[in-house]
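Reviewing the structure listed below.
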Amino acid sequence: MLTRTDNESLTRVGPGTPMGIYMRRHWIPFLLSEELVQRDGAPLRVRLLGEDLIAFRDTDGRLGLLDRYCPHRRVDLFFGRNEDCGLRCVYHGWKFDVTGAVTDMPAEPAGTPLLESVRIKSYPIREWGGVIWAYMGDSASVPPAPPQLEWGLVPDNARLVTKRLQQNNYAQSLEGGIDSAHVGILHSRLDPEKAHLPFGERQLSVSDRLPHMGTDKTPRFFVRPADYGLMIGARRNSGPDSYYWRITQFLLPFYTIIPRTSEDDPITGHAWVPIDDENTWTFTMTWHPKRALTEKDIEHTLGIDVPVLNDGSYRPQLDRSTEYGLDRDMQRLRNATGIDGIGLQDAAVQESMGPIVDRSLETLGATDAAIVAFRRLMLRNARGTESDVAATAQNPDWYRVRSAGVVLPRETDFVAGAAPFMAI
Ligand code: FES
Ligand SMILES: [Fe+2]
């Protein structure tokens, strides 16, 4: 559990909040590249860390991220004209370039000093790794590059990035991402032939590729600090002399990488990006370090991903307004939840806690060790305001790590034993 004060510190990300300031010291992915392709195309409304912004690609292909509202009389620039290297407010014609400078004020007298003195808030922006990134921190300390996560380093054809809206705080989703203990329960499939048996005796493994997950449902957690965040080892019994280790990476401030099941499978990671305190972009990255993704890889990924509406909103097709498609017959016979798809099962339980779960009411158990470590680390970073930079943001190479799922002899330290699998 957390005190209410700590819970506030962990979850509030708006301007001026400790966590908001900390996150703003990093490059933040917020759009898929596919969302902002067209030069002089429609500007895109963006909400990020509780700020209302507008994104556009100008005539020369440069990207801009500006305050949503015109500094003149506060018109929404979504209605603006994106033309000739700038975004023009349609009310009185003030025009802004991607740097935030005003380049035209047609309704003001010629030579107006306002042209020089007025600026609109603008943030540096980058396009890399199939996503578009913003830097919303102090402009004097822009980090050198986005974090060199492996999904950004591989060729475009070796990577798939999707995103979807989740209607809860970022930390709630992230805690699901580092919580290996729920996998064998929430995502378990049931044998319909054994409907007469108790739940524990009916479970098939989550996936045919993960036999240990179903057989040992009480993993022991070992958490190690790392430069970039945390290395989380979940240990399950395998053979008499061996353990099956699933090592998940948490990378500050909101990335996770989950273990793959075999060397030939693609790897999956997430970015849980706060739209505001109560909404999150769940980015899912799937990539293969050595080869292009095959159609089968993509089909498999999209099969466990949450299908979204085709209207540019990235809202899931099923959400709490439709109870996530809950089917009680499916729940009785075929799986734990009656909800179809791993991503949707996660979304259902995470959103069901409310937009910001009250962590003062929790009862944590032994399998919550990683979650406790995550909260401590985040709170420590958010409160470490003596420096105006974050070490992780200034060292993008720290992010060059992978997750791992390995069977190791019982006497082998999990970090040492998995090192060859985690190296990039
Ligand atoms: S409100 Fe935008 S130019 Fe007047
Ligand atoms: Fe899950």
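Order of appearance sets the numbers: ligands from 1, and atoms from 1 within every ligand. The analysis underlying the following values was restricted to heavy atoms, covering all of them including side chains, and did not include hydrogens, waters or symmetry mates.
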Within 4.0 Å of some non-hydrogen atom of Tyr91, the atoms of ligand 1 are 1 (S), 4 (Fe)
Taking only non-hydrogen atoms of Trp94 and a 4.0 Å limit, the atoms of ligand 1 in range are 3 (S)
Under a 3.5 Å cutoff, is there a donor and acceptor pairing between the side chains of Asp277 and Thr11? no
- Query: Strictly by modelled atom types, are Thr59 and Asp84 linked by a side-chain donor-acceptor pair under 3.5 Å?
  - Reply: no
among protein heavy atoms, the one nearest atom 1 (S) of ligand 1 is Arg73 N, 3.3 Å
With rounding to 10 degrees, Asp346 OD2, the Fe ion (ligand 2) and His182 NE2 define an angle of 150°
Any N/O/S of His72 under 2.8 Å from atom 4 (Fe) of ligand 1?
yes
Cys70 heavy atoms within 4.0 Å reach ligand 1 at atoms 1 (S), 2 (Fe), 3 (S)
Original post:
Side chains of Thr294 and Asp297: do they bring a donor and an acceptor to under 3.5 Å?
Top reply: yes
Taking 2.8 Å as the cut-off, does an N/O/S atom of Cys89 lie below it from atom 2 (Fe) of ligand 1?
yes
query = If we ignore angles and hydrogens, is there a donor and acceptor under 3.5 Å between the side chains of Ser313 and Asp311?
reply = yes
Step through the shown structure and confirm whether more than 12 heavy atoms of other residues, nucleotides or ligands are within 6.0 Å of CG on Asp104.
yes
Does the cation-pi check pass for Arg45 over Tyr69, that is, NZ or CZ under 6.0 Å from the six-membered ring centre and within 45° of its axis?
no
The N/O/S atom of His92 lying closest to atom 4 (Fe) of ligand 1 is ND1
